[in-house]
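Okay, so here's the structure we're looking at.
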Amino acid sequence: MKKSELIFIPLPETGHLLSTIEFGKRLLDLDRRISMITILSMKLPYAPHADASLASLTASEPGIRLISLPEIQDPPPIKLLDTSSETYIIDFVAKNIPFLRKTIQDLVSSSAQDSNHVAGLILDFFCVDLIDVGREVNLPSYIFMTSNFGFLGFLQYLPERHRLVSSKEFEESSGEEELPIPAFLNRVPAKVLPPGVFDKLSYATLVKIGERLAQAEGILVNSFSEVEPYAVEHFSRGDYPRAYPVGPVLNLTGRTNPGLASAQHGEMMKWLDQQPDSSVLFLCFGSMGVFSAPQIKEIAHALELVGCRFIWAVRTNMEGDGDPHEPLPEGFVERTMGRGIVCSWAPQIDILAHKATGGFVSHCGWNSIQESLWYGVPIATWPMYAEQQLNAFEMVKELGLAVEIRLDYVADGDRVTLEIVSAGEIATAIRSLMDGDNPIRKKVRDIMLAARKAVSNGGYSMVATGDFIKDILGDHV
Ligand SMILES: O=c1ccn([C@@H]2O[C@H](COP(=O)(O)OP(=O)(O)O[C@H]3O[C@H](CO)[C@@H](O)[C@H](O)[C@H]3O)[C@@H](O)[C@H]2O)c(=O)[nH]1
């Protein structure tokens, strides 16, 4: 039996690494012909924990080899992150290409001498420019889409619209425009598109990513048919690179929790054990979601108005090393003592998995959404950055699977939402979310069962993963 190796190039950010590495592990488990996953690890200046996180995610996985690339000497200016994070990342990847090319060439030529055959590249969607490097060494490039089919549908649509309608970024005044994105059943308001479409640079970058995706050999999407039936069906029509629904791909064990002492973790779990079923509200806004101080006060006020039990991850900066208690209203911690816990980084998986957890106020990162669905915990949507507004729209309007707090809230870049969502409004949404009779609860439980079925033996996502393995290994077996 010939042995094959796959080269993974992930974006070294939590929201991208967790599922990508997990997918690598799944491939190793599924097919013994895949004997090695080599991960090329770039050093993203604003993600200092990524190396440690990668090392711990891949520890005790003999089939995974990590190759750390040298730090680039001339990273893009960090202020570009504030104005156009998409462009920052694409530029950062472009600057890594010489190192990546050399490493890939070396891996291919050394494999020619031993029994391992390099079968292809698995690229993050921000690494689309490496499709060219793959071509240079005759390797097919597959994209691992860490978000969903809806977002892929947007990236398919954007270059099309760019060619037909307009060749520049969206205008502020077109926020209410409703777009006929073919992967969506409903027309999609422009204001829920990734906020980057309103910025000249980000728009150009998103168009470019969309154009390049169409040149991939195939696209592995971390989602499943039952949760996005319409969008999955749209991509099964054959006029685009094959899109494989391989999710949910979730990392449920062995995570590092930066900024959370294990003692605090233990205490939190003990506290959860003492709470009634489905009574605790969890609030967490991803690896980078930071609210303004006045907004944090309104959330705190809402929690006092509702009076429910809660665990709330409060981040005061992107690095996540600030004191989470600092922006809270005077006396809040004392008044909620025993019924609420505030931390800066939450053990999200353990909290969602706990039977005491009954609702999740989320920024709608796709990992968070799938983790929540996996444990049958309904979400209230509060998107902040990246494609989260589109995810929120999909969950609330397209799929009827979430309660709406906001769909178009933006917490970074030039379109930052200036309005402060009031405590009263937040409290109303929380009450609806935690209501045991809310029909969304039953729908979410059905999707939970479908998610588990999709990745069990013979489930759709496992069949699609098997198809992908057949396609990438081709004749080399
Ligand atoms: O206190 C925290 C905060 C986050 N997490 C974990 O970190 C991950 C966060 O991922 P996600 O919910 O997807 O959010 P982001 O980190 O913001 O992810 C980025 O990547 C996702 C996948 O492409 C996109 O959907 C998001 O919009 C983008 O911001 C999840 O697994 C969480 O369980 C914790 O465990 N504790």
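Whatever order the structure lists ligands and atoms in, that order sets their numbers, starting from 1. Worth knowing before you read on, the calculation uses all heavy atoms, side chains too, and leaves out hydrogens, waters and symmetry mates.
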> Which of the listed options, Met288, Gln348, His363, Met145, holds the heavy atom that is closest to atom 15 (P) of ligand 1?
Replying inline: His363
>> If you measure every N or O of Ala346 against every N or O of ligand 1, does any of those distances drop under 3.5 Å?
In response: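 For ligand 1, there is an N or O atom that lies under 3.5 Å from one belonging to Ala346.
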> Looking only at distance, does Glu13 have an N or O less than 3.5 Å from an N or O of ligand 1?
Replying inline: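 N/O-N/O distance under 3.5 Å: no.
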> Just how far is it from atom CD of Gln370 to atom CD1 of Ile447, taken to the nearest 0.5 Å?
Replying inline: 10.5 Å
> For the atom pair OG (Ser292) and CD1 (Ile420), what is the distance rounded to the nearest 0.5 Å?
Replying inline: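 Separation between the atoms: 4.0 Å.
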Numbering the atoms of ligand 1 from 1, which are under 4.0 Å from a heavy atom of [X]?
X: Gln388; result: 17 (O), 26 (C), 27 (O), 28 (C), 29 (O)
X: Cys284; result: 1 (O), 2 (C), 3 (C)
X: Trp366; result: 13 (O), 24 (C), 25 (O)
X: Thr146; result: 22 (C), 23 (O)
X: His16; result: 20 (O), 23 (O)

Can you tell me if [X] uses its side chain to pair, donor with acceptor, with the backbone of [Y] under 3.5 Å?
X: Trp271; Y: Ile341; answer: no
X: Glu298; Y: Pro294; answer: no
X: Ser84; Y: Leu80; answer: no

Heavy atoms only, cut-off 4.0 Å: how does [X] contact ligand 1, side chain, backbone, both, or neither?
X: Ala386; value: side chain
X: Cys364; value: neither
X: Leu18; value: side chain

> Only one of Asp124, Val246, Leu220, Leu155 clears side-chain contact (heavy atoms from CB on, under 4.5 Å) with Met145; which?
Replying inline: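 Single side-chain contact (heavy atoms from CB on, under 4.5 Å) partner of Met145 among Asp124, Val246, Leu220, Leu155: Leu155.
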[X] touching ligand 1 at heavy-atom level, < 4.0 angstrom:
X: Tyr385; result: yes
X: Glu387; result: yes
X: Thr14; result: yes

>> Just by distance, no angles: are the side chains of Asp471 and Tyr142 close enough, under 3.5 Å, to form a donor-acceptor pair?
In response: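 On atom types as modelled, these side chains do not qualify, holding no pair under 3.5 Å.
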>> Less than 3.5 Å apart, any donor N or O on the side chain of Glu419 or Tyr409 sitting next to an acceptor on the other?
In response: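 No pair is found: no donor N or O on one side chain lies under 3.5 Å from an acceptor on the other.
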>> Could you work out, with salt bridge (charged side-chain N to carboxylate O under 4.0 Å, His left out) as the rule, every residue matching Glu71, not counting sequence neighbours?
In response: none
